[in-house]
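As structure tokens, the structure follows; a few thoughts come after it.
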Amino acid sequence: MDLSYSAASESFRLEVAAFLDANWDARAAAAAPDRREREAALRRKAVECGYLYRGIPRQYGGSEQQPDILKAHIIREEFGKARAPMEIPGVGVQMVVPTLLECGSQWQRDFFVPRTLAGEFRWAQGYSEPDAGSDLAAVRTHAELVDGHWLINGQKTWSSLAHKAHYMFALVRTDRNAAKHAGLSYLLLDMKQPGITVRPLKQITGDSEFCEVFFDNVRTPQDWIVGEPGQGWAVSKTTLSHERSGFIGSAATSVTLFGKLVELARNTTLNGKPALEDPVIRERLAMLDGYVSAHQYSSYRQFSMAAHGQDAGIAPMMNKLVNTRIADDVAAIARDLIGASLVVAPPLGKGGGNEKWVNQFMGSLGLAIAGGTSNIQRNLIAERGLGLPRDISTEFLSKAYL
Amino acid sequence: MNFLLSPEQLEIQSAVARFLDAECPSTRLHELFDAADGTPDPALWQGLLDLGVAALALPEEYGGMGLELVDLALVAEILGSRAAPSPFLGHVLAALAIDLAGSAEQKQRWLPALADGSLSATVALAEEGDAWQPDQWRIAAQAAITGCKQFVTHAAQADLIVVGLAGGRLGVVLAGADGLSICAQDVVDRTRPCSVVRFESSPAELLDGGIEAAERLRDAALVLGAADAYGGASRCVAMAVDYAKLRRQFGVPIGQFQALKHQLADLAVDIEPARGLYWYAAHAWDRLPEQAPRAAAQAKAHLADRYLHIARRTVEAHGGIGYTWEFDVQIFLKRAMFNHAWNGAPALHRARAATMAGW
């Protein structure tokens, strides 16, 4: 057990820090009218140096580095410290790119991947439907080949930022006679065409991030399918595994959130004293701190196992539930700290006082649902992790997430 | 950055596990648990001594193996996972106390015999009113001590008792000393029987170390308790899961029902990610001493709480059989109760951790 970094790692850290020092000024960029251009320029240089898009071949715009989880970790830390932009956030880079690299055709990789990495192409996810949520393979949106094009009709929902997306990746039914999973295909389609109606859904927070998308004789070329017709399920599993291993399990989010909660307690007055001095608040914070620290050390361990080529077993399956639990506990403590601010409508953008915690209070509910609900996670842990027998009614959905 | 166990550490754990599975299976565990006098099984303890558990974290110059607290904690996890009745806890803490606070001569005199087990020992910490902490000890640190300690594990078998004294001093009282009386307490966790120990002008040999040594000892005890709790809680989840696979009702294994399945998943999520708390606390004790007191307090508080919660839910998950004396779960529940209270309750250590965080 050794939590220090080797001399080689320390020198790599210095190299990254020096690069950022020379190429990025967070304060200047925040105020600059050409902020986006500055971010894009930094990304290009960072790719040249091998700091970003490390797993992606150079021919597609990546930096094609040997996998090195330690270096990746140091890069994340240093970019975080410098408040420098990293990879373009969102489903395009996190889901579409790895899926195309694994299952896409050559022209699809050549055309979509570099532009997605550069942020030129934004993507929407077309998975869930009104009657296909946890039971994803029940999708009914239909596509049939007509004159060299797929003709698509149906409806998708919970599609994040679809109103701002250029393209969608969608799971659709191309064979109604085949078995549930075997009749599905994975299509790419242009969002800017007649027949597509995007309706943003107003969320519980008042914000609008995800959308309903309606397809009325929408067309996409025959070769915009990823994999073969009928292989959509397998292709979508590739995408889901990237989603789960990627941005949902990280302990860093929980650690940061907990730090903000402690600051809230420090700055809130309760019975004439800082709430942080109140014995009940201290006990609740310390209890939660136990979960946060456990999560952090568990991520050290998962990280170390990955770095040493070991299978971390059941632990990675638990990350999402742990994050959800922590966010839920934070919401409960913040609720009691902000007092009557709980009844104030939260700001949609930046700014605002304590009522901005109302966003966290409601937003933490989304964590229990997005990317596989908490009960789906429990099925996974119980069946896949603990080896408990499958429930017949959940057999299909379990496959969906494995 | 390497937060993993070495192959040697994994081998220590698996050697102790193999030994206990062979020599202390469920049937033997119940025999020992039900033995009236609380005397440890000499063969079981000797077997553990032969594996080196008492020598593990002592310096090589005094007959030890020169390893660290993290290695000792890894053994504590395995003992916890088998609810093994043994004087391990008191014995290794007494030896650590002498190593932390004793003079070279005192170490030379006692540690080699404690390392090979030819001398047995325990620690006397708590005084009336849940006074576990070094700054709460009241027995005056003199050549002859007078006072009373509670919850002293395996006291009747100990050749040597390390006693916590006022000002955070530590003293050694030998078995048979004048004015020493040991009265067994009727406790729930019979794998670690406890006594009330009274001193009436009993001769005590003071160790040199001050309260810093006593606080290091307290932190080590917290880490070992946390490790035992992690082991016990993990075993409880495994028992509940195994039972859910075997037990059939309505024609299917009950583990197929989502209500139970989800409860079991929640128990697993409650404990599996938390092993790092005791790993980190032990590692900090060994290598990052400024972080050790807070990490130890947090590990004990969290894991002792989780263990008790999980043990209670494990009884429930077994139905009627879980509520019986003859089934194993009751022994684990009682270990969890011991771990919760011994060396201070979780709420106390959370309050300490909060203060140490600068809150």
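Since the structure is predicted, the reported quantities are computational estimates derived from the model, not experimental observations. Lettering of chains follows the sequences in order, A, B, ..., and the numbering in each one begins at 1.
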So which residue, [options], ends up with the most heavy-atom pairs under 4.5 Å with chain A?
options	answer
B:L5, B:L264, B:D266, B:L288	B:D266
B:R275, B:Q263, B:R287	B:R275
B:L303, B:V241, B:L277, B:L4	B:L4
B:G276, B:A244, B:P273, B:P253	B:P273

* Asked: chain B heavy atoms under 4.5 Å from A:M317: which part of the residue, side chain, backbone, both or neither?
  -> neither

* Asked: At a heavy-atom separation under 4.5 Å, does A:Q302 approach chain B through its side chain, its backbone, both, or neither?
  -> neither

Looking at [options], which one has more heavy-atom pairs under 4.5 Å with chain B than the rest?
options	answer
A:S374, A:A315, A:S293	A:S293
A:V262, A:I381, A:L386	A:L386
A:L321, A:L285, A:V322	A:L285

* residues 271-283 of chain A: residues contacting chain B (heavy atom under 4.5 Å, by number) -> A:L276, A:R282, A:E283

For the [atom1] atom on [X], are there more than 12 heavy atoms of other groups (residues, nucleotides or ligands in this structure) within a distance under 6.0 Å?
X	atom1	value
B:E290	CD	yes
A:K81	NZ	yes
B:R312	CZ	no

Are any non-hydrogen side-chain atoms of [X] and [Y] less than 4.5 angstrom apart?
X	Y	answer
A:R325	B:V269	no
B:R350	A:M287	yes
A:R378	B:K261	no

Which atoms of [X] approach chain A - backbone, side chain, both or neither, heavy atom under 4.5 Å:
X	value
B:V70	side chain
B:A268	both
B:A347	both
B:D305	side chain

* To do: Would you please say whether a donor-acceptor pair under 3.5 Å links the side chains of B:D270 and A:Y291?
  => yes

* Answer yes if the side chains of A:R301 and B:Y280 hold a donor-acceptor pair under 3.5 Å, and no otherwise. => no

* For the pair A:N379 and B:H262, evaluate side chain to side chain contact (heavy atoms under 4.5 Å, CB included) and give the outcome as yes or no after the intermediate values. => CA-CA 7 Å; A:N379 280 352; B:H262 286 188; 2.7 Å; yes

* Asked: Is any side-chain N of the basic residue among A:D289 and B:R294 closer than 4.0 Å to the acidic one's carboxylate O?
  -> yes

